[in-house]
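Keep in mind that what you see is a predicted model, and the values were worked out from it rather than measured.
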Amino acid sequence: MNEGFLAAAGLSALWTGVHVIAGGRDVAAPLLRAPLSEAQKFTAYFAWHMASLSLAALAAGFLWAALRPEAAEVGAAATVLSAGYALLGLGMGRLPAGRFRDLPQGWLFVPVAALGALGLFGTGPA
């Protein structure tokens with residue numbers, strides 16, 4: 001079993017839960033009440049659900065790679081996505097409208113990407 005990918009799977013599953021529960025309450029619900037056009041509101045709501053699916057897919061991909069040595073490419077793809085999400089989130093934190101305290105999401109992907117890299121390069125199948 002690949003411990004790096006397994007840890008990345010667990011952390012990704014945790015972030016999925018945080019996104020769905022806290023994000024549903026603090027982001028999605030207020031979004032639906034926001035004074036936006038229907039197209040704006042539901043496009044953003046659709047994107048929120050796409051993020052939910054993406055987070056769940058990361059957790060599943062890392063778990064698959066943790067349990068199946070032949071699925072290392074899936075773990076590599078999940079690692080690259082996690083690193084990309086980290087860079088995107090950290091970059092958005094530099095925008096005037098999005099400070100780090102307002103957009104901590106990028107930081108959440110840093111340890112996921114690091115654990116994925118550990119799975120790729122640091123720990124192999126046992």
Side-chain angles (χ1 to χ4, degrees):
M1 181 176 310
N2 186 308
E3 294 85 10
F5 285 153
L6 185 62
L11 192 53
S12 294
L14 175 66
W15 295 154
T16 302
V18 168
H19 172 80
V20 169
I21 294 166
R25 180 188 65 233
D26 297 337
V27 177
L31 172 66
L32 291 175
R33 294 188 301 269
L36 301 170
S37 73
E38 293 295 302
Q40 293 167 325
K41 187 181 303 187
F42 288 105
T43 297
Y45 192 53
F46 179 73
W48 185 84
H49 283 296
M50 287 177 21
S52 301
L53 290 171
S54 177
L55 291 169
L58 281 178
F62 277 128
L63 182 60
W64 185 12
L67 299 176
R68 301 289 216 165
E70 66 273 13
E73 292 85 0
V74 175
T79 301
V80 168
L81 280 172
S82 297
Y85 294 155
L87 291 171
L88 175 64
L90 296 176
M92 287 182 69
R94 295 190 170 277
L95 297 174
R99 296 178 301 281
F100 288 123
R101 72 168 193 253
D102 299 326
L103 292 170
Q105 297 88 333
W107 288 106
L108 301 180
F109 287 100
V110 171
V112 175
L115 290 167
L118 182 63
L120 281 172
F121 304 112
T123 61

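The salt bridge (charged side-chain N to carboxylate O under 4.0 Å, His left out) pairs that include a residue from residues 69-89 are R68-E70, where partners are two or more places apart or lie in different chains.
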Kindly list each side-chain donor-acceptor pair under 3.5 angstrom involving residues 26-38, sequence neighbours excluded, with atom names and distances?
residue : atom : partner : partner atom : Å
S37     : OG   : Q40     : N            : 3.1
S37     : OG   : Q40     : OE1          : 3.3

Let me check something: any side-chain donor-acceptor pairs from residues 78-89 under 3.5 Å, sequence neighbours excluded? List them with distances.
residue : atom : partner : partner atom : Å
T79     : OG1  : G75     : O            : 2.7
S82     : OG   : A78     : O            : 2.9
Y85     : OH   : S54     : OG           : 2.7

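A donor-acceptor distance shorter than 3.5 angstrom exists from the side chain of T16 to the backbone of L55, with no hydrogens or angles considered.
Checked against side-chain contact (heavy atoms from CB on, under 4.5 Å), S12 has the following partners two or more places apart in sequence or in another chain: L58, A59, F62, V112. Taking the side chain to side chain donor-acceptor pair (under 3.5 Å) definition, one finds that T43 meets it with nothing, sequence neighbours left out. With sequence neighbours left out, the ring-ring contact (aromatic ring centres under 6.0 Å, His included) criterion links Y45 to H49.
Rounded to the nearest 0.5 angstrom, L118 CG and N2 CG are separated by 7.5 Å.
In this structure, M50 shares a hydrophobic cluster with F46, the cluster being traced through Ile, Leu, Val, Met, Phe, Trp and Tyr side chains under 4.5 angstrom apart. When hydrophobic side chains of Ile, Leu, Val, Met, Phe, Trp and Tyr are connected at separations under 4.5 Å, W64 ends up clustered with V74.
In this structure, F5 and A65 approach most closely via the heavy-atom pair CD1-CB, 3.4 Å. Closest heavy-atom contact between L67 and P69: O-CD, 3.8 Å.
L11 and F121 fall within the same hydrophobic cluster, where Ile, Leu, Val, Met, Phe, Trp and Tyr residues are linked whenever their side-chain heavy atoms come under 4.5 Å apart, directly or through other members.
Within the 4.5 Å cutoff, the side chain of Q105 has no heavy atoms near those of the W15 side chain. Between V110 and L90 the shortest side-chain heavy-atom distance falls below 4.5 Å.
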